[in-house]
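Accompanying notes for the structure given below.
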Amino acid sequence: MTVTATRSPAGSRAGGGRRKLAVDPTPGRSPRQAVPFLLPALLVLSALVLYPLVYSLVRSFFDRSGSTFVGVSNYVNLFTDPRTLTAFKNNVIWVVVAPAVVTGLGLIFAVLTERIKWATAFRLVLFMPMAISLFASGIIFRLVYEEDPKQGVVNAVTVGVHDLFSDPSPYPGARPRDGQPFTPAEEGFTSTKTFAPGTAVSVPLVGFQPGQIPKEASPASQPSSDARELRGVVWLDVSVGGKAGQLDQGERGMPGLVVEAVRDGQVVGRTTTGNDGRFTFPDLTSGDYTLRMPPSNFALPFRGLTWLGPSLITPVIISSWIWIMTGFAITFIAAGLSAIPRDALEAARVDGATEWQVFKRVTVPLLSPVLLVVFVTLVINVLKIFELVFVIAPGSVQEEANVLALQMWQVSFGAGGDQGVGSALAVVLFLLVAPAMLFNIRRFRREQS
Amino acid sequence: MTVVEVSVSGAPRRGLASRVVSRLGSGVVQVLLALVAIFWLVPVFGLLIASLRPESANTASGWWTIFTKPSELTLANYADLVGNSTVLRSFLNTVYIAVPSTVLVVVISALAAYGLAWIEFPGRIWLTTLVVGLLVMPIQVALIPVAKLFGSLGLFGTIAGVVLFHVAFGLPFAIFLLRNFFVGIPKDLVEAARMDGAREWVIFKRVVLPIAKPAIASLTIFQFLWVWNDLLVALVFADQDSAPITVALRAQLRQFGTNIDLLSTGAFLSMIVPLAVFLGFQRYFVQGVLAGSTK
């Protein structure tokens with residue numbers, strides 16, 4: 001609110017009334033002259049805002065059809081309907097998390113931008129999301145968080161970081177050919193037979209694109225047997241022009257595959273196949289061993305997180321709201337900062353306070369009225385949140401991401417078709433912003449006196 | 001407020017070490033803020049690139065691969081979209097909704113603000129307080145009743161209905177903003193005009209409006225973008241023929257993965273006007289948003 005002054009409310013605050021009446025408007029001469037100026041606005045506001053408010057209140061006590069009085073049963077329905085309860089719960093999460101984060105970020109960035117020369121450019125960039133529609137912002141973040149790492153940048157980064165720390169498996173989806181003595185175990189494979197040193201095991205795998213085999217792979221060949229060693233070969237059994245399950249000319253080995261020798265449930269040997277697909281356990285004591293190919297060989301590649309799934313959807317939508325609103329908070333707080341008397345800050349610095357102490361002891365306390373206004377404004381905004389949830393949450397998880405404003409629309413105009421419950425929800429929304437309404441009115445009244 | 005300023009303005013000279021630290025600190029701040037700014041731009045940039053790549057490219061690889069394959073860039077999506085009569089009509093509908101809504105709000109609110117600021121009548125302060133109270137009114141309280149009202153008046157599903165609703169919910173803020181500006185106008189100006197026997201209407205038009213141009217500019221820009229960017233109001237009150245671009249595109253949301261080219265192009269098309277207004281009239285826009293944030 002800018003510097004304002006009208007007559008203070010009739011004679012109230014008699015004692016304290018230091019009026020800023022340098023600009024006290026001289027009233028017009030006759031009340032009747034106000035009519036043509038005010039009439040259009042009054043008509044529109046009465047018909048489309050005030051009358052509807054009363055109507056919604058009354059309507060909320062009637063049933064779906066609007067003809068039967070049902071008392072508070074629509075309100076009872078709100079607090080028993082699981083969808084609405086989820087919406088309440090999510091609204092609470094929103095109110096607790098989002099405005100505080102944005103106010104905090106706004107404060108930090110507003111203070112930091114005072115130290116750079118391109119502060120205007122910085123604020124311009126962060127303010128830009130305020131100019132575009134919430135719908136477009138929703139599309140933007142739908143794309144950012146798209147699950148396919150080939151489309152969504154967040155999952156592309158997630159996968160990239162993940163693969164830095166753990167190598168991707170070499171043969172996702174590959175499996176032994178049917179009829180071979182191997183059985184799936186924990187996404188890997190274990191032999192159903194046992195093998196003793198001196199045997200040469202042949203393991204034909206299928207279910208893998210020949211083009212995906214590493215370039216260093218060479219044609220596979222059956223190892224000769226050696227009495228002291230357990231040997232074998234793993235190859236891709238393409239069986240084109242050859243026989244299935246048999247090592248044919250031109251079939252290539254599968255290098256880099258981990259094979260383990262297991263005895264009595266204990267892994268006693270581990271080896272990796274060479275370029276020709278061969279593997280060797282050189283120093284096993286005689287006896288029978290089970291062969292195991294662990295899941296790390298075959299695990300499907302990490303595809304990132306399901307950001308738009310039921311468990312992460314609300315944090316994801318909140319992050320997009322933070323992206324939109326932070327610029328607003330910065331600009332608002334920066335305006336407040338520039339109004340702080342420089343003397344106060346400099347006096348503190350001269351007294352030897354560190355920048356952090358100046359920030360904590362001087363800047364923040366002096367800014368607190370501005371911070372409160374920003375915070376309240378953001379809370380109001382959050383309570384009415386609709387478009388972002390509507391656009392970012394895919395249809396299947398809208399129930400998990402639900403918020404009151406969305407639920408109100410769903411119930412009244414979407415699938416619900418119950419305008420009694422819808423009206424009750426509208427009334428609840430009104431009651432939730434009512435404290436902010438009073439806050440604004442009191443602030444206004446204070447500025448007038 | 002930089003450290004340099006402090007030392008210039010008479011603070012004790014700092015030691016070399018502390019100057020090095022603050023110089024270094026400032027470097028860290030520069031880098032940090034630069035990263036934040038980039039971080040803020042990436043999502044929009046991604047959408048822009050997605051809208052400039054063919055569908056096949058968008059499904060095969062991410063927009064960031066454009067740096068290695070810049071030849072993929074094409075305006076084909078935009079050509080398709082502009083050739084799509086539904087999208088084109090919805091774009092025009094957005095204009096038909098936003099322009100009258102803005103004009104009506106500015107005119108009606110300027111009149112009311114003048115009445116509240118410069119004409120004394122009983123209950124003036126209460127009426128002003130009511131306007132302040134209505135600032136944060138959620139539009140949800142009016143959706144059902146106004147839908148019914150419009151239904152009986154034949155306004156439901158028409159552009160006129162959407163416009164009327166926007167006007168109603170745009171007015172409280174508009175009146176508030178202009179009234180605050182009007183009461184700051186020097187009393188002598190209005191007084192002098194009254195001495196000369198000018199009628200209120202003349203004072204409003206000749207004295208107050210010309211001075212209030214910056215406030216009216218802020219209001220116009222804010223209200224225009226507010227309506228331009230709306231989804232909810234049009235979702236309830238517009239039908240297929242009167243739907244603005246946000247509502248038309250929303251119908252395509254269901255198959256997001258396969259629709260990225262269409263959605264990103266449409267979203268970007270709808271963003272062009274707000275971005276141009278924003279970049280062209282930053283100052284007015286920022287002032288409008290700061291004043292109208294409580295909506």
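Residue numbering restarts at 1 for every chain, and letters A, B, ... go by the order of the sequence lines.
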With a 4.5 angstrom heavy-atom cut-off, which part of [X] approaches chain A: side chain, backbone, both or neither?
X: B:Leu104; answer: neither
X: B:Phe150; answer: side chain
X: B:Gln30; answer: both
X: B:Phe182; answer: neither
X: B:Ala174; answer: neither
X: B:Ile139; answer: neither
X: B:Ala147; answer: side chain
X: B:Trp40; answer: both
X: B:Leu130; answer: side chain

Determine the option with the most heavy-atom pairs under 4.5 angstrom with chain B, choosing from [options].
options: A:Tyr51, A:Phe439, A:Phe127; value: A:Phe127
options: A:Val376, A:Val433, A:Val153, A:Thr331; value: A:Val153
options: A:Val144, A:Leu124, A:Val391; value: A:Leu124
options: A:Glu387, A:Lys150, A:Lys117, A:Met408; value: A:Lys150

Closest non-hydrogen atom pair, [X] against [Y]:
X: B:Pro274; Y: A:Ala131; value: CB-O, 3.2 Å
X: A:Ala41; Y: B:Leu171; value: CA-CD1, 4.0 Å
X: A:Phe390; Y: B:Arg250; value: CZ-NE, 3.1 Å
X: A:Ala405; Y: B:Gln140; value: CB-NE2, 3.4 Å
X: B:Ser270; Y: A:Ala136; value: OG-CB, 4.4 Å
X: B:Pro43; Y: A:Ile140; value: CB-CG2, 3.4 Å

Measuring only between side-chain heavy atoms, which start at C-beta, is [X] closer than 4.5 Å to [Y]?
X: A:Met128; Y: B:Leu41; value: yes
X: A:Arg59; Y: B:Lys148; value: no
X: B:Val286; Y: A:Arg123; value: no
X: B:Val36; Y: A:Leu126; value: yes
X: B:Asn229; Y: A:Phe135; value: no
X: A:Leu45; Y: B:Pro172; value: yes
X: A:Leu48; Y: B:Phe165; value: no
X: B:Leu47; Y: A:Phe141; value: no

How long is the span from the [atom1] atom in [X] to the [atom2] atom in [Y], to the nearest 0.5 Å?
X: A:Ile116; Y: B:Leu33; atom1: CD1; atom2: CG; result: 4.5 Å
X: A:Ile139; Y: B:Leu263; atom1: CD1; atom2: CG; result: 4.5 Å
X: A:Ser137; Y: B:Met271; atom1: OG; atom2: CE; result: 7.5 Å
X: A:Leu112; Y: B:Leu32; atom1: CG; atom2: CG; result: 6.5 Å
X: B:Phe204; Y: A:Gln33; atom1: CZ; atom2: CD; result: 14.5 Å
X: A:Leu143; Y: B:Ile49; atom1: CG; atom2: CD1; result: 11.5 Å

For chain A, the option from [options] that forms the most heavy-atom pairs under 4.5 Å:
options: B:Ser264, B:Ala50, B:Gly62; value: B:Gly62
options: B:Ala34, B:Gly46, B:Ala110, B:Ala113; value: B:Ala34
options: B:Leu275, B:Leu249, B:Thr129; value: B:Thr129
options: B:Phe268, B:Trp228, B:Trp63; value: B:Trp63
options: B:Thr65, B:Thr128, B:Val42, B:Val131; value: B:Thr128

Would you sort out whether B:Leu149 and A:Tyr55 count as a side chain to side chain contact (heavy atoms under 4.5 Å, CB included), showing the intermediate values?
-> CA-CA 11 Å; B:Leu149 185 70; A:Tyr55 182 99; over 6 Å; no
Chain B contact via [X] - which portion, at a heavy-atom distance below 4.5 Å:
X: A:Trp323; result: both
X: A:Leu57; result: neither
X: A:Thr113; result: both
X: A:Ala47; result: backbone
X: A:Pro394; result: neither

Do any side-chain atoms of residues 425-432 of chain A form donor-acceptor pairs under 3.5 angstrom with protein atoms, and if so which ones, sequence neighbours left out?
none

Can you list the steps and then say if B:Leu235 with A:Phe386 is a side chain to side chain contact (heavy atoms under 4.5 Å, CB included)?
-> CA-CA 12 Å; B:Leu235 195 62; A:Phe386 168 81; 4.1 Å; yes
A:Phe109 meets the ring-ring contact (aromatic ring centres under 6.0 Å, His included) criterion, sequence neighbours left out, with A:Phe122
Indicate the ring-plane relationship of B:Trp201 and A:Phe37, choosing parallel, tilted or perpendicular according to the 30° and 60° boundaries.
-> tilted
Neighbour count above 12 (heavy atom, 6.0 Å) for B:Phe281 CZ | no
